[in-house]
Protein chains: 2
Amino acid sequence: MKKLKNLLGFVPGNVKLYQMAFRHKSVAKLIKEGVKNSNERLEFLGDAVLGSVVAELLFKLYPYKDEGFLTEMRSKIVSRANLNQLARKLGLNELIQYDARMISYQNKQGSLLGDAFEALVGAVYLDKGYQFTREFLLSRIIKPHVDIHTLENTETNFKSRLIEWCQQEGKDVQFVQTDNPEGESSKMFSILVQVNGEVCGLGRDFNKKSAEKLAAERACEFLKIIESV
Amino acid sequence: MKKLKNLLGFVPGNVKLYQMAFRHKSVAKLIKEGVKNSNERLEFLGDAVLGSVVAELLFKLYPYKDEGFLTEMRSKIVSRANLNQLARKLGLNELIQYDARMISYQNKQGSLLGDAFEALVGAVYLDKGYQFTREFLLSRIIKPHVDIHTLENTETNFKSRLIEWCQQEGKDVQFVQTDNPEGESSKMFSILVQVNGEVCGLGRDFNKKSAEKLAAERACEFLKIIESV
């Protein structure tokens, strides 16, 4: 309770919401057929509220950037990697309840932290409303802990992440340009990523480089190198 | 102006925001290098706010449904097809400004409407704040125009949509099970969709049917049969 207050910087109203936000499904109980009292529903809600708060922040912070830039920046801020790091900084790992036996530490603890952070946002929203949550996120979480301008310059290079992963795993990777389903008159480029000869991702765009980037991103998702958005 | 007031049900504060919400990029002017005064930035913001309002609505409407169900329901509500239909019902087509010469009517007008609806949500948010936008969306848009319980029972069957599209277009479609990049020991199913022999989508899951569904969805996105989420 003291830890929670320190983390939040305010006195929680409905404590049960926060308890639920920190309850991983591995220790949750079935409350009705098919639904557990875990943090997953709160995570769904918190993810949406966080997305909205971050969208407004970026909209106002970058008045002369187009929506492509804004979308990419938001993806970086709310990426699992970034949220996990954030949750660790906030000390959420000391609050989360989970069954360690059912979770392989290396694979799962990462996503567990980010998920709990989103669930926490959902709990704050239900407890205190949108305006409060927005203020809480901006002043207590994002300003002190998220370096937006550094993120701006970090390029998420899916192609190099894919190639790196394949080297580590001793797999062969190839980018292949294929014919378009619409026929030869099409101005689109279709790029196919093959890992050890198997198709793992494809991308299509008017620009060859963008098609490659998209194919690499899809392959990274497909191979679980990154979390799908 | 009268049309706008009728649509909104309230007197807009900052009219310029609403003008921007209805300005398609085909008639927008460059305000700074790389940025036009079109509705695309507002669409980015409105999409996020709408997502958050719908998430809360579903969270409360379905207290015993898991986050998978909630996510699927939200996708249905905010799908391009649904938002286009909604925008048409609201009469947004009479308010949007766009250059008809630069837009192929059949292909683009659809997405143009839904995009403008999202931009409108962004404008209302900047003009009136979250609480107001939430009320506006729930009471004036969603309750009268969105039949949530019907959407609940509409299954988005990507496989049948893909097959139907291929029949219309006179194309051959095949679902092929492929080897896994991890090798034979893997318990995952990898399914590849080929249209006229070209790879258009792939899906992977522990369950063959889910892998097929995912591959079909990806193919629908790839072939622009549906908008990507």
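Note that the structure is predicted; figures quoted are calculated from it, not measured. Naming convention: chains lettered A, B, ... in sequence-line order (proteins, then strands); numbering from 1 in each chain.
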Option passing side chain to side chain contact (heavy atoms under 4.5 Å, CB included) with B/Phe189 (candidates B/Arg204, B/Glu212, B/Gln177, B/Lys209): B/Gln177

Heavy atom to heavy atom, less than 4.5 Å: which residues from residues 41-52 of chain A reach chain B? A/Arg41, A/Leu42, A/Phe44, A/Leu45, A/Asp47, A/Ala48, A/Val49, A/Gly51, A/Ser52

Answer yes or no: is there a donor N or O on one side and an acceptor on the other, between the side chain of B/Asp127 and the main chain of B/Asn14, under 3.5 Å? yes

Contacts of B/Lys32 meeting salt bridge (Lys or Arg N to Asp or Glu O under 4.0 Å) (sequence neighbours excluded), chain-then-number -> none

Is the shortest distance from a Lys or Arg side-chain nitrogen in A/Arg218 or B/Glu221 to a carboxylate oxygen in the other one below 4.0 Å? yes

Counting heavy-atom pairs under 4.5 Å with chain B, which one of A/Gly201, A/Gly197, A/Pro63, A/Gly68 comes out on top? A/Pro63

Check whether any side-chain heavy atom of B/Phe10 lies under 4.5 Å from a side-chain heavy atom of B/Arg140, and answer yes or no. no

Taking every heavy-atom pair that is under 4.5 Å apart, which of A/Asp66, A/Val53, A/Leu58, A/Leu70 has the most such pairs with chain B? A/Leu70

Among A/Leu202, A/Leu192, A/Leu214, the residue with the most heavy-atom pairs under 4.5 Å to chain B is A/Leu202

For atom OH of B/Tyr64, decide whether the heavy atoms of other residues, nucleotides or ligands shown that lie under 6.0 angstrom number more than 12. no

Residue A/Tyr125 versus chain B: region with a heavy atom under 4.5 Å: side chain

If you measure from the Lys or Arg side-chain nitrogens to the Asp or Glu carboxylate oxygens, is any gap between A/Glu56 and A/Lys60 under 4.0 Å? yes

